[in-house]
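All of these numbers come straight from a predicted model, not from anything done at the bench.
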Amino acid sequence: MPADLQDERLIASSGVSGAVSAFTARLRSGDLGSVPVVIGLIIIWAVFQIANGSFLSSRNLVNLTLQTTSVGVIALGIVLVLLLGEIDLSVGSVSGLSGAVLGVTFVNKGWPLVLSLVVGIALGLVIGLFYGALYTRFGVPSFVITLAGLLGFLGLQLLVLGKEGSLNLPYDSALVGFATRSFLSPAIAYALVAVVVAAYVLTRLRTRGARAAAGLSTAPTSMIVIKAAAMAVVLLVAVLILNGDRGVSSMFLLFLALVVATDLAVRRTRWGRSVVAVGGNVEAARRAGINVRMIYLSVFAACSTFAAVGGILAAARLVAVNQSSGGGDTNLNAIAAAVIGGTSLFGGRGSAYSALLGALVIMSISNGLALLSLDSSVRYMVTAGVLLIAVTIDSLSRRSRQAHGRA
């Protein structure tokens with residue numbers, strides 16, 4: 001009997017105790033999920049709070065959500081590409097180029113903001129389709145394609161910005177206001193928590209009803225209530241802390257919405273199941289009738305589009321674009337966030353929430369070391385160590401899953 005089916009029947013028959021037993025069995029078999037990154041995030045936060053008492057302050061956590069957003073959005077695209085077992089090394093250059101195009105068209109050319117936004121995002125879409133066409137048509141490895149893109153689009157970014165090399169976005173523009181000054185009121189934030197929890201409960205009950213009608217095993221109502229209560233507590237505490245300063249950022253809320261939408265697309269749509277299938281075994285997916293070429297095209301396009309959106313949000317938060325936009329450690333942070341968050345480098349396993357958790361880990365390290373006045377050299381080494389640990393855990397858990405029939 002497949003391991004997942006065993007887990008479902010155990011939960012259905014034994015309730016909460018069955019769920020605990022199934023969870024323990026998954027951990028023992030190497031199916032770790034998000035457990036390592038959650039534990040790691042708690043340890044990182046505890047260490048930095050002990051070293052600097054202001055790390056978990058409301059003001060710093062609001063700043064952390066703002067810093068996390070752009071990297072997290074770019075990491076969402078990396079998660080999708082990694083699900084296929086591929087890679088995109090050019091997301092930093094694409095994000096910088098999209099930000100530069102936005103700045104030049106909006107500030108220098110006087111285009112309407114909406115038009116500049118559409119052009120900047122559409123540029124990312126076109127770049128992704130170009131990558132996908134090269135990969136599917138000529139079989140060029142994604143590593144080589146995107147490495148060339150990293151260099152080529154960096155050069156194009158410098159060309160677009162021209163000799164000045166830097167542009168300041170209007171501080172009173174709607175885009176900058178959205179990224180830097182738009183926060184939910186406490187009442188709206190708490191109401192949103194209630195809506196999210198209610199939507200979760202209704203969705204789970206609907207799924208439970210559909211499974212029962214089909215004669216399949218179902219999770220007990222007590223499990224749904226416990227998970228909903230845990231979700232409510234986590235969200236309420238987070239909102240309460242953030243409301244101690246400016247509140248929940250609209251930009252961070254956009255990132256969370258993109259995470260949820262991407263997660264639903266991967267888990268609940270035919271396209272998403274096809275992506276996971278192709279990443280697990282491309283030949284088996286092809287023989288099952290999946291249009292593998294379109295899957296690769298769509299995923300590369302989505303990755304570059306997310307990179308473009310992340311670059312625009314980064315430009316809006318910094319109120320400027322320049323020659324270093326999208327450079328430096330942008331690629332490192334985005335790819336590391338996806339991997340540290342739990343997405344497998346071997347393809348076929350991962351979640352949109354990997355981008356959220358991984359980005360929080362990466363930016364927490366950066367934020368905490370900045371509070372301690374440590375320079376970039378330490379941050380790079382610490383991030384490298386965390387990334388290496390994450391990849392090692394992924395490799396070991398994959399071996400364990402194969403041994404237990406859960407691969």
Side-chain angles (χ1 to χ4, degrees), residues 37-75 78 91-92 95-96 99 166 168-169 171 176 179-183 238 241-253 255-256 310-341 354-390:
V37 67
V38 171
I39 294 175
L41 186 61
I42 293 173
I43 293 174
I44 289 170
W45 283 10
V47 169
F48 282 129
Q49 177 65 17
I50 293 172
N52 188 315
S54 64
F55 179 79
L56 292 180
S57 66
S58 296
R59 173 168 290 276
N60 190 59
L61 289 180
V62 170
N63 290 335
L64 180 60
T65 61
L66 294 173
Q67 295 164 359
T68 299
T69 298
S70 58
V71 171
V73 171
I74 299 174
I78 295 295
V91 287
S95 69
S166 179
N168 292 324
L169 300 180
Y171 189 74
V176 172
T180 61
R181 303 187 300 275
S182 179
F183 297 88
I241 294 174
L242 294 178
N243 282 340
D245 188 57
R246 286 154 288 176
V248 179
S249 164
S250 297
M251 185 172 68
F252 186 67
L253 185 62
F255 170 44
L256 294 180
I312 289 172
L313 292 176
R317 184 177 71 86
L318 298 174
V319 202
V321 290
N322 53 53
Q323 294 177 342
S324 63
S325 296
D329 55 4
T330 302
N331 273 338
L332 164 68
N333 287 340
I335 296 174
V339 176
I340 290 172
S354 300
L356 171 61
L357 293 172
L360 281 174
V361 169
I362 290 294
M363 299 316 295
S364 293
I365 293 173
S366 176
N367 180 286
L369 293 177
L371 286 179
L372 297 178
S373 300
L374 297 176
D375 60 25
S376 298
S377 61
V378 178
R379 176 163 57 87
Y380 283 129
M381 289 186 286
V382 172
T383 303
V386 173
L387 177 60
L388 184 59
I389 291 172

Gap separating the CD1 atom of Ile340 from the CG atom of Asn333, nearest 0.5 angstrom | 9.0 Å

Could you tell me whether the side chain of Thr65 reaches within less than 4.5 Å of the side chain of Met363, counting heavy atoms only?
-> no

Could you tell me which residues satisfy side-chain contact (heavy atoms from CB on, under 4.5 Å) with Thr69, sequence neighbours excluded, listed by chain and number?
-> Val73, Met251, Phe252, Phe255, Leu313

Enter the distance from Ser70:OG to Ile312:CD1 here, rounded to the nearest 0.5 Å.
-> 12.0 Å

From CG (Leu242) to CG (Asp245), nearest 0.5 Å = 8.5 Å

Rounded to the nearest 0.5 Å, the CG atom of Leu369 sits from the CG atom of Asn52 at a distance of 11.0 Å

Taking all heavy atoms of Ala334 and all of Ala75, pick out the closest pair and write down the distance.
-> O-CB, 3.6 Å

Correct closest heavy-atom pair for Gly72 and Ala355 would be O-CB, 3.8 Å

Residue set satisfying ring pair (Phe, Tyr, Trp, His ring centres under 6.0 Å) with Phe183, at least two apart, ordered chain then number -> none

Is there a side-chain contact between Arg317 and Gln67, using heavy atoms and a 4.5 Å cut-off?
-> yes

Can you name the nearest heavy-atom pair linking Ser57 to Ser54, along with the distance?
-> OG-O, 2.7 Å

Taking side chain as C-beta onward, heavy atoms only, is Val91 less than 4.5 Å from Thr330?
-> no

Identify the two heavy atoms, one from Ala338 and one from Ile78, that lie closest to each other, and give their separation to 0.1 Å.
-> CB-CG2, 3.6 Å

From CA spacing to verdict: side chain to side chain donor-acceptor pair (under 3.5 Å), Asn60, Asn367 = CA-CA 9 Å; Asn60 190 59; Asn367 180 286; 2.9 Å; yes

Quick one: do Ser364 and Leu64 satisfy side chain to side chain contact (heavy atoms under 4.5 Å, CB included)? Show the steps, please.
-> CA-CA 7 Å; Ser364 293; Leu64 180 60; 3.6 Å; yes

To the nearest 0.5 Å, how far apart are OG1 in Thr68 and CG in Leu357?
-> 11.0 Å

May I ask you to test the Phe48-Leu56 pair for a side-chain heavy-atom distance under 4.5 Å?
-> no

Ala316 versus Thr180, closest heavy-atom pair with distance | O-CG2, 3.8 Å

Test side chain to side chain contact (heavy atoms under 4.5 Å, CB included) applied to Arg246 and Asn63, step by step = CA-CA 10 Å; Arg246 286 154 288 176; Asn63 290 335; 2.7 Å; yes

For Gly310 and Ile74 the tightest heavy-atom approach is CA-CG1, 3.9 Å

If you round to the nearest 0.5 Å, how far is CD1 of Ile44 from CD1 of Ile365?
-> 4.0 Å

